[in-house]
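Reading through the C-alpha cells given below for one structure.
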Amino acid sequence: MKAIKENKYSIFLIIGVLLLVSILPLLVNLPFVLHVLISTLMYIGFALSYDIVTGQIGAVSLAHASFFGLGAYVTALIGKAIGAPFWLNIIIATILSIGLAIVMSLPAFRLSDLSFSFATLGLALTVQLVVKNWVKITRGPMCIHNVSNSSLWFNGILEISRTNLIAYFYLFLMVDIVIIILYRLISTGRLGRTLTAVRNDEVLASSVGINIQRYKRLTFFISAGIAGAIGSLWAPYISVVCPDYLSMDYTLNLLAIVFIGGSGSLLGVVGGSILLTVWPELLRVTPAFRLIIYGLFLLIFVTSIPNGVKGIISNVNKRLKIN
Amino acid sequence: MEIFLQYLIAGITNGATYALVALGLTLLVGVARLVNFAHGDFFMLGGYLLVFLFVDKEIPYLLSIVITLIVMLILGLLFERIVVHPTINKTWREQLVATLATSIILSNVAILFWGTTPRLAPTKLSLTILRLGPITISSHRFVVFFVAVISFIALSFFTKNTKIGKAMRAASQNRDACLIYGINVNFVSLVTVTISTMMSGLAGVIITPLYNVSPTVGSVMTLKALTSVVMGGLGNTTGAIISAFILGIVEALFSGYVSSQYQDVASFVIMILILVFRPHGMFGKKVGI
Amino acid sequence: MNKHKFWSICILTGTILALITSCVPQQSIQSEDEKAVDVSIAEEKEPIRIGVAASFSGPIAYVGEGYMMGATLALEELGGKIAGYPIQFYTADNACNPEQATSAIRKLVDVDEVHLILGSGCSSCTLASMPLLEENKVAQITGGSTAPEISEMAGIGGNIWEFRVNASSTVMAEAYAPYIAKNEKSVFFMAFNDDYGRGAVDAIKPLLQAEGVEILGEEYFERGTSDVRPILLKIKEANPSALLLTTTESDAITILRQFKELGLSIKIYGYNSTIVTGLFTEMTPDEPGLNEGILEITWWAQGMTPEMEEAFLSRWGTEASPHRAIYYFIVRYVVKEAIELAAQRGEITRESLRDALNDLSIENTPIGPLEFDDNNQAHHWLPVYTMKDGVVEVIEILKP
C-alpha cells in the first residue's frame, strides 16, 4: 500500500462542512431527518475509529463491533446501577474497551493478515456469545431496556433526553470533530509517520529500530477505545441495548464503508459513511430489493471503482486543476 | 458409554455435512487465495434448486442433482467473471467485501423468489430411519457421509492426476511462476471457482433433505466451513476435511456434556488456538491442495 | 480499470436486476409493499395511513411477512375501507433490531405520516419504539411481543401509547403451568436463545417449581440450528416426563424430525410455540404425524375461526398460523372498531385513535372479548389444544 497523500487542508474542509451541517437542525426540524443525520454522524465517528486500524496499520479487524457493544453495555449497566453522567460513562466504557482490546490483542497480534482477521472474527463471536448467554449480568437476549438518558451530571441533572434530537445531534457533532482531529493526529503525527513507515516496509522499519508490534497494538487500543466511547453515547440514544450491538453486522457495515470510501483517507471514510448511511433511508423499496441494490452497489464500487470515494474525489480534483 | 457413542455418532454425521461444504471452500482458498463469504449462499441456492425441482416439479432426486449441478456451473462461471475476476489482483480485503456483497445479493434474491418461510425436501432415504442396536439414524446421513468421502477422493484425484488439476496446484503455490511457464492463470481461476461453486451447490442438494433451507442458512454454513478451513490450514484439503469432522464431534460433545449455548465458543477457541500455535493449520503444511 | 468496463458492469447488473424483477412470482406479498392495499375507489375521504413496523428481513422475516398476510386479508374483507375511510398500509423493516426499529418508527411517523402503527413481534423492538410513540403522540398496537415488561411500562402512569393484544409470557405461563403440573412430575426446557424463548422459560419455571414439578434442565439454541441431536440426546439422558418446547414452525420441524430419528418417546408440550398448526402440517406433507399428540398453548388455534382459515387459504394458498392470525384479528376487529369509534366522535387524528383504543370494548371476536386494561393489555382467550389424527383439537379455552 502506498503512502496516503492527502490534501493538507482536507481536515479544515471537513470540519468546515461539519460546521455548515451544524446549522441544519435549525432549518430542518423533521425528527426522521435529524435521526438520519445523527446516525450518519455516529457512523462517521465509528468508521473513522475503525479505519485507524484498517487504514493505518492495514490489518482488518473483524472485532470492532465488540468494543462498540461493550461500551453500550457498560453504559447501560452503570446507568441502571448509579446513573452516572455521560462523561464518566465514556471514561469507563473507553477503559474497559481498551481492556478488552488488550486481551484480544494477546492472541490476535501474534498473527498477521488473513489469520489476524480470522482470529478477531472468532474472538468477536465469542464475546458476543458470552454477552448473550451471561444472562445474570447482561439479561442476555432479553436486552437491557430503558437505558437512562445521558446526563451532564449525576442523577439526571442536566439531562439530554432521548427525544431531544437536536441535543444529540450536537453531541455527536462534537464527538466527530474530536475523532477527526484524533484521526488526523494519528495519521500525520509522530505515530502516523511511524505507522506509514511500518506499512510501507515492515522489514526496513524494524531494522531502524521501530518496535512494530508496539505501534500496531497501540493503534488497535486507541481505535477500540474510541469505539467503546461511541457505543457509550449510542446506548442512551437508542434506549435498548441488545447482544445485536456486538454482532458482525456492524463490523461488516464498517468494512463496507471503509472500502467504499477508500481506506486510509479521511475524506473517503467520511464520504463512505454518508453514502452508506443516508441513501438506504432514501430508497423506498421492499427490504429485499433494498439489500440487493445495496449489494450491487458494493460490488460495483469494489470491482470497478479504484479507491472508492477517495478515488473519485481525487479524480475530480485533478480535472478541476487541468481545467 | 452408550450415550458417549451416540454423541460421537451425532458429531461424526454432522461433521460430514461441514466437510462437504468446506471442501469447495478449501479449494478456492488454496488455489485462488480467495476467502469466499458467499460460499454458503451457493449452498443455499443448491438447496432451493432441489426444493424447486424435486418437490415442486417432482423431478427424480438424482436428475434434480444433475440439473442443479448444471445450474451451479453457470452460476459459478458468472460468479468468476463478475466478482472474482475483477478483484483477483486486488488485496484479499477487497475480495472480502466483493464476496460479502455477493452473499447479500444472493440471499435476498432467494427471498424474492422463494419467500422467507423455510422449505423442506425430504427424500425416501431421509425418512427411513435405521436401527443399529441402541443407535438410530436416518439413512440419508450415510449418503452425506459417502458423498463427502467420494467428493474428497475425486477432488484429490483431479488435482493430482489431471493437467488442469496440476495447473491448479501450481497456481496455488506460485502464481507468478505460472505466468512465466505459460500456464493460463485466468483459465485456472475460472475452473477453480466453478468447481468450488458446484461443490457448494452439491452440498446443498445432498444436505437439504435432512434439514430445511431458508434464505439465511448460507451465512451459518459459511462460518462453519470457514472455521474448518482455517483449522485445517488455509488451502489444505485433507486438513479441512479432518477439521470439519473434529468440529462436528467437538460441538456434539460440548453441547452434550457442557452447554449447548456455548457450543460455538468451543469451536472458536479451538480455531484461535490453532491459529496462534500452529499458524499453518493442524497439519502444518504451508501450502497445497 | 477503464470506463468501458465500468459501464459494462453497470449494464450487466442492471440487466440482472431487471431479470429478477420480472421473474419474481407475483403473489409475493412484499411486492405490494408500499401502499400494500389501496383498494379505495371513492376518494371523498382522506385515507387513513397505518404503518406496519415489523421484521421483513433477517432470520425471522417470515414473521413480518405473515403479519402482512393477515392484515391484508382483514382489510380486503372490510372492503379496503373502515367507516368510509380508505385504509393504506405502509411498511417499515426493523430486521428485529432495536436500532433499525428506531429508524422504522421515525420513517413511518415523519415520512409516511401514519395515524396508527401496528408493531413488531420482537420485544426488543417494541421496547425501543415506546419512547418514540410518546414523543410523536402516535399509538401502536403490538401483536407478537411477549416480554412482560411491555405491559408493565404501558398504560396509566406509563406509556399510554402502547397497546398489546397478545398475552405476555407471564399470562400464558400462569394459564399453562397448572396443566403441566397436573400430568407431569419432571420437565426439561428447550427454547430459542432469544427474548421469546428465554422470556417464556423464565416466566413458567418458578410456577412449575411451586407446583412441585422437578426441573431437570434447560437448553437454549439459536434459530436455524441445523443439528439439535446433541441437545435431544442430553434430554434423553435426563429422562424427564415432559419436554417443554418454545420455538416456531421451521425450527420445530428440525427438532421433531431429529426427535423421531433418535427414537425419543417423551411427551412434548408446545409452550408459546407454533407446532400444532395447519401450517406445520402443510410444511411437512411427507411426514404426517410429526406433531401428533403435542399439547400446545398460544393465542389462537386452528378450528377456532373456520371462516377466516378458509379465506386465508384461498387468498394466500397457505394455511394460517398464530403469527399470521393475530394481525388479522388486530385489523379486522381492533383497528376497525377503533377507527369507527374515533369517526363517531369526530375527526380522525393520532390522538383520537389512541383515545378510541383506550375506550375500546369489543364484545365478540373469535378470540373472546377484547378490551385494554389499565396497562393497555388485552385479555383474550387462551386455547389449549392438541393434534389428534392430523386435526387440531381444542381441549379447553381458558377465559380470563
Side-chain angles (χ1 to χ4, degrees), chain B residues 2-3 6-7 9-11 13-14 17-18 55 78 81-82 86 105 107-109 111-124 126-127 129-131 134-138 141 207 210-212 214-217 219-221 224 248 251-257 259-261 263-264, chain C residues 1 5 9 12-13 16-17 20-21 23-25 27-31 55-66 190 193 219-234 236-237 248-251 253-254 257-258 260-264 279 283-287 318 321:
Chain B
E2 187 197 309
I3 191 82
Q6 290 193 342
Y7 284 134
I9 286 176
T13 46
N14 198 29
T17 66
Y18 296 160
V55 180
L78 282 174
R81 283 292 109 181
I82 297 173
I105 295 169
S107 56
N108 284 288
V109 166
I111 290 183
L112 289 183
F113 274 96
W114 291 288
T116 49
T117 317
R119 300 287 310 266
L120 287 86
T123 61
K124 274 210 185 74
S126 75
L127 295 177
I129 290 152
L130 297 180
R131 178 168 282 281
I135 291 145
T136 51
I137 191 166
S138 163
R141 294 197 191 273
I207 294 167
L210 282 175
Y211 307 116
N212 57 34
S214 69
T216 46
V217 78
S219 51
V220 180
M221 276 303 170
K224 299 287 181 199
E251 277 185 9
L253 292 179
F254 196 84
S255 69
Y257 288 110
S259 145
S260 58
Q261 293 102 279
Q263 78 168 35
D264 288 339
Chain C
M1 202 64 47
K5 204 171 217 166
I9 287 175
L12 190 69
T13 45
I16 293 171
L17 205 63
I20 292 163
T21 337
C23 293
V24 171
Q27 76 270 20
S28 154
I29 318 124
Q30 296 207 3
S31 57
S55 51
F56 294 105
S57 69
I60 61 161
Y62 64 92
V63 173
E65 210 175 83
M190 182 173 174
N193 192 11
E219 285 291 324
Y220 300 96
F221 62 99
E222 300 303 319
R223 280 176 197 266
T225 302
S226 56
D227 197 35
V228 291
R229 285 175 298 160
I231 303 177
L232 292 174
L233 284 169
K234 200 172 184 176
K236 187 182 178 183
E237 217 194 353
T248 51
E249 293 93 349
S250 58
D251 288 272
I253 291 171
T254 313
R257 270 177 161 184
Q258 291 172 17
K260 202 173 144 197
E261 185 181 340
L262 293 173
L264 268 67
L279 181 62
M283 285 167 81
T284 52
D286 302 302
E287 294 148 278
T318 169
S321 75

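Naming: A, B, ... by sequence-line order, numbering from 1 per chain. The structure displayed is predicted, hence computed values, not measured ones.
Interface remark: B/Arg141 contributes side-chain atoms only to the contact with chain C (heavy atom separation under 4.5 Å). Heavy atoms of C/Glu287 lying under 4.5 Å from chain B belong exclusively to its side chain. Residue contact with chain C, scored on non-hydrogen atoms closer than 4.5 Å, involves the backbone and the side chain of B/Ser260 alike. The contact between C/Asp286 and chain B is made by backbone and side chain atoms together, counting heavy-atom distances below 4.5 Å. Interface remark: C/Glu222 contributes no atoms to any contact with chain B (heavy atom separation under 4.5 Å). Of the two parts of C/Leu262, the backbone and the side chain both hold a non-hydrogen atom closer than 4.5 Å to a non-hydrogen atom of chain B.
Between chain B and the residues C/Met283, C/Lys260, C/Lys236, C/Lys234, the most heavy-atom pairs under 4.5 angstrom are made by C/Lys234. No other option in C/Pro285, C/Ser226, C/Ser250 has as many heavy-atom pairs under 4.5 Å with chain B as C/Ser226. Your options are B/Leu120, B/Thr216, B/Leu130, B/Ile129, and the one with the most heavy-atom pairs under 4.5 Å with chain C is B/Leu120.
If you take CD on C/Gln258 and CG on B/Leu210, they are separated by 8.0 Å, rounding to the nearest 0.5 Å. Interatomic distance, B/Ser255 OG to C/Phe221 CZ, rounded to the nearest 0.5 Å: 12.0 Å. Note that the CD atom of B/Gln6 and the CG atom of C/Leu232 stand 11.0 Å from one another [nearest 0.5 Å].
C/Leu233 and B/Ile3 get closest at one heavy-atom pair: O-CD1, 3.7 Å. Annotation for C/Glu261 and B/Thr136: closest pair O-OG1, 2.5 Å, computed over non-hydrogen atoms. Of all the heavy atoms in B/Ala10 and C/Asp227, the pair that sits closest is O-OD2, 3.9 Å.
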Next item on the list: Could you check C/Arg229 against B/Thr13 for side chain to side chain donor-acceptor pair (under 3.5 Å), going step by step and ending with a plain yes or no?
Entry: CA-CA 10 Å; C/Arg229 285 175 298 160; B/Thr13 46; 2.8 Å; yes
Notebook entry, point to check: Could you go step by step and tell me if B/Thr116 and C/Phe56 meet the side-chain contact (heavy atoms from CB on, under 4.5 Å) rule?
Noted result: CA-CA 9 Å; B/Thr116 49; C/Phe56 294 105; over 6 Å; no
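Contact annotation: the side chain of B/Pro122 approaches that of C/Arg257 to within less than 4.5 Å [non-hydrogen atoms, C-beta and beyond].
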